[in-house]
Asker: 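Before I ask anything, let me first share the structure, which is written out below as structure tokens.
Numbered from 1 within each chain, the chains take letters A, B, ... in sequence-line order. Predicted, not measured: the structure shown is a model, and the values here were computed from it.
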2 protein chains.
Amino acid sequence: MGRENPIPVRLKEARQRAGITQKDLGIRIGMEPSSASGRMNHYEKGRHTPDIGTLQRMADELGVPLSYFFCEDEASAELVCLIGALTVEQKDALIKQLKAQQKQPD
Amino acid sequence: MGRENPIPVRLKEARQRAGITQKDLGIRIGMEPSSASGRMNHYEKGRHTPDIGTLQRMADELGVPLSYFFCEDEASAELVCLIGALTVEQKDALIKQLKAQQKQPD
DNA sequence: GTACTAAGAGGCTCTTAGCGG
DNA sequence: CCGCTAAGAGCCTCTTAGTAC
């Protein structure tokens, strides 16, 4: 099962999609330019784990929800991004749909 | 916006739904009985932040996905749980549905 | 019994100072 | 330029010991 830290895979995926370097992402979220490269590389290699504030700034910069970094498979990661773009009303409608499907698993 | 650590709210929510105490949850995921109460309380009050391995064990014990602890609103948290119960095929079908809705917003 | 907290010991991150592709 | 790493300083968690309800 997905028993490992999912941050490295998700971070690399979202950063490359944004088309920026490790150092540049670090600088954009307010890290010291002298340490941004090393810090971001530690996170992406899974050597160190960022705190939640840092993760939130990365999420904002990369246009993904915070929970994206903790999704353990590709499909869930994509769904979390799609859900993040919905309004509250749309989310509630989707909840009802999925609950109905649960009861009638046709 | 949800600019704070979402873990305390989500953890309390899921733990109370499971109907167990802070200490008991800690013991069930393998903490020392002597420190389980203090540790779990720190997490639920947002004083300390658990590492990812500890979060994964909590998620397993409480029957939620790891990403649940990082959802910043109730609707997203519920959706992440519902999605966690889907098969890969069902997730892919839902991705297609949401993408189609994105292009044709009613 | 349950939730909660202060404070010290020790483990982990941040930073510097680099190397190799 | 870009990705990556070792090693020390210092911060943050884990644990103990305990209070309040």
Asker: Within this structure, what is the CG-to-P distance between L25(A) and dC2(D), rounded to whole angstrom?
Answerer: 13 Å
Asker: Which nucleotide sits closest to the side chain of K45(B): dT5(C), dC14(D), dA3(C)?
Answerer: dT5(C)
Asker: Between atom CE in M40(B) and atom C1' in dC14(D), what is the gap in whole Å?
Answerer: 14 Å
Asker: Check side-chain contact (heavy atoms from CB on, under 4.5 Å) between R57(A) and all other residues, then give those that pass, not counting sequence neighbours.
Answerer: I29(A), T54(A)
Asker: In whole Å, I'd like the distance from the CZ atom of R47(A) to the P atom of dG3(D).
Answerer: 15 Å
Asker: Working to the nearest 0.5 Å, report the span between CG of N5(A) and OG1 of T49(A).
Answerer: 5.0 Å
Asker: Rounding to 10 degrees, work out the angle separating the end axes of the helix from dG1(C)-dC21(D) to dG21(C)-dC1(D) (five pairs an end).
Answerer: 40°
Asker: Using a 4.0 Å heavy-atom cut-off, write out nucleotides 15-21 of chain C from 5' to 3' as B (base contacted by protein), S (sugar-phosphate only) or - (no contact).
Answerer: BB-----
Asker: Can a salt bridge be assigned to the pair R3(B) and D60(A) using a cut-off of 4.0 Å between side-chain N and carboxylate O?
Answerer: yes
Asker: Nearest whole Å is fine: how far is dC4(D) P from D24(A) CG?
Answerer: 16 Å
Asker: Does a side-chain N or O from Y43(A) land closer than 4.0 Å to OP1 or OP2 of dT13(C), or not?
Answerer: no
Asker: Roughly how far, to the nearest 0.5 Å, is the CD atom of E78(B) from the CG atom of D92(A)?
Answerer: 8.0 Å
Asker: Check the phosphate of dC4(D) against Q22(A), side-chain N and O only, distance under 4.0 Å to OP1 or OP2. Yes or no?
Answerer: yes
Asker: State, yes or no, whether a side-chain contact exists between I95(A) and K99(A) at a heavy-atom distance under 4.5 Å.
Answerer: yes
Asker: May I ask you to decide if the ring planes of F70(A) and F70(B) are parallel, tilted or perpendicular, using 30° and 60° as cut-offs?
Answerer: parallel
Asker: Between dC14(C) atom P and I29(A) atom CD1, what is the distance in whole Å?
Answerer: 10 Å
Asker: Looking at CD of Q22(A) and OH of Y43(A), how far apart are the two atoms once the value is rounded to the nearest 0.5 Å?
Answerer: 12.0 Å
Asker: For R39(A) and M31(A), indicate whether the former's side chain and the latter's backbone hold a donor-acceptor pair under 3.5 Å.
Answerer: no
Asker: Please give, in whole Å, the distance from dT13(D) C1' to D51(B) CG?
Answerer: 9 Å
Asker: When the distance from CG of N41(B) to C1' of dA20(D) is rounded to whole Å, what number comes out?
Answerer: 13 Å
Asker: Whole-Å distance between dG1(C) P and K23(B) NZ?
Answerer: 8 Å
Asker: I'd like to know if the side chain of R28(A) and the backbone of E61(A) have a donor-acceptor N/O pair within less than 3.5 Å.
Answerer: no
